[in-house]
Student: 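One structure follows; several queries about it will come next.
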Amino acid sequence: MRRFVEISGLDLVMLEATGGSLHIFADTMAKHLQPIPLGGKALAMLLQHILGAVTRTPLGRTLSRKTSHVYPLGYFLIAQKPVTR
């Protein structure tokens, strides 16, 4: 993503990975559970809700922060046009 910003002639302000191992686990498990007939979607939603609650705890936030660069679910990027003087 840094390279795309450079190629575009922009200045990188911030690039931060989001997610982490818990987010990847919840996403993967939900995708496997969802196709199960009679309750798969509900089970997937429940799992995502539970793991979402875990990631809002201090331990969950720490785990997400420490694993987001290895297991990113996405990225948050801010770029701007270069400042001319």
Side-chain angles (χ1 to χ4, degrees):
M1 295 194 70
R2 290 179 197 277
R3 180 137 166 75
F4 289 130
V5 170
E6 291 171 7
I7 290 171
S8 299
L10 301 172
D11 291 334
L12 181 64
V13 176
M14 183 165 82
L15 175 59
E16 189 174 301
T18 61
S21 59
L22 289 176
H23 293 88
I24 296 298
F25 176 74
D27 184 57
T28 303
M29 289 303 297
K31 287 176 180 171
H32 282 80
L33 292 171
Q34 191 171 3
I36 297 172
L38 299 174
K41 285 185 180 183
L43 195 54
M45 289 174 59
L46 178 63
L47 174 69
Q48 287 182 321
H49 180 72
I50 291 169
L51 285 173
V54 170
T55 60
R56 288 188 291 276
T57 66
L59 178 61
R61 282 192 296 271
T62 300
L63 183 60
S64 291
R65 188 177 62 250
K66 288 187 176 195
T67 61
S68 64
H69 66 286
V70 179
Y71 300 105
L73 190 61
Y75 293 92
F76 182 76
L77 180 135
I78 299 174
Q80 66 181 15
K81 290 182 180 181
V83 177
T84 56
R85 297 182 192 250

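Every value quoted in this text rests on a predicted model; they were computed, and no experiment measured them.
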Student: Are Phe76 and Met14 side-chain neighbours, meaning at least one heavy-atom pair lies under 4.5 Å?
Tutor: yes
Student: If you take all heavy atoms of Thr28 and His32, which pair is closest and at what distance?
Tutor: O-ND1, 2.8 Å
Student: Roughly how far, to the nearest 0.5 Å, is CG of Leu46 from CG of Leu51?
Tutor: 9.5 Å
Student: How about Leu77 and Leu12: do any of their side-chain heavy atoms sit closer than 4.5 Å?
Tutor: yes
Student: Which atoms form the tightest heavy-atom contact between Gly20 and Thr67, and what is the distance?
Tutor: CA-OG1, 3.4 Å
Student: Report the distance from atom OH of Tyr75 to atom NE2 of His69, rounding to the nearest 0.5 Å.
Tutor: 10.5 Å
Student: How long is the gap from CE on Met45 to CD on Gln34, to the nearest 0.5 Å?
Tutor: 9.5 Å
Student: Rounded to the nearest 0.5 Å, how far does CG of Leu63 lie from OH of Tyr71?
Tutor: 10.5 Å
Student: In terms of hydrophobic clustering (I, L, V, M, F, W, Y; side-chain heavy atoms under 4.5 Å; direct or indirect links), are Phe25 and Leu73 co-clustered?
Tutor: no
Student: Looking at every non-hydrogen atom in both residues, tell me the closest pair between Thr55 and Ser64 and how far apart they are.
Tutor: CG2-OG, 4.0 Å
Student: Around atom CD1 of Ile7, are there more than 12 heavy atoms from other residues, nucleotides or ligands closer than 6.0 Å?
Tutor: yes
Student: Looking only at heavy atoms, which two atoms of Gly19 and Ser68 are closest? And how far apart?
Tutor: O-CB, 3.6 Å
Student: Could you list the residues that satisfy side-chain hydrogen bond (donor to acceptor under 3.5 Å, both in side chains) with Asp11, not counting sequence neighbours?
Tutor: none
Student: Among all residues two or more places apart in sequence or in another chain, which pass the side-chain hydrogen bond (donor to acceptor under 3.5 Å, both in side chains) test with Lys81?
Tutor: none
Student: Below 4.5 Å, heavy atoms only, C-beta onward: do Met1 and Val5 meet side chain to side chain?
Tutor: no
Student: What is the minimum heavy-atom distance between Ile24 and Pro72, and which atoms define it?
Tutor: CD1-O, 3.7 Å
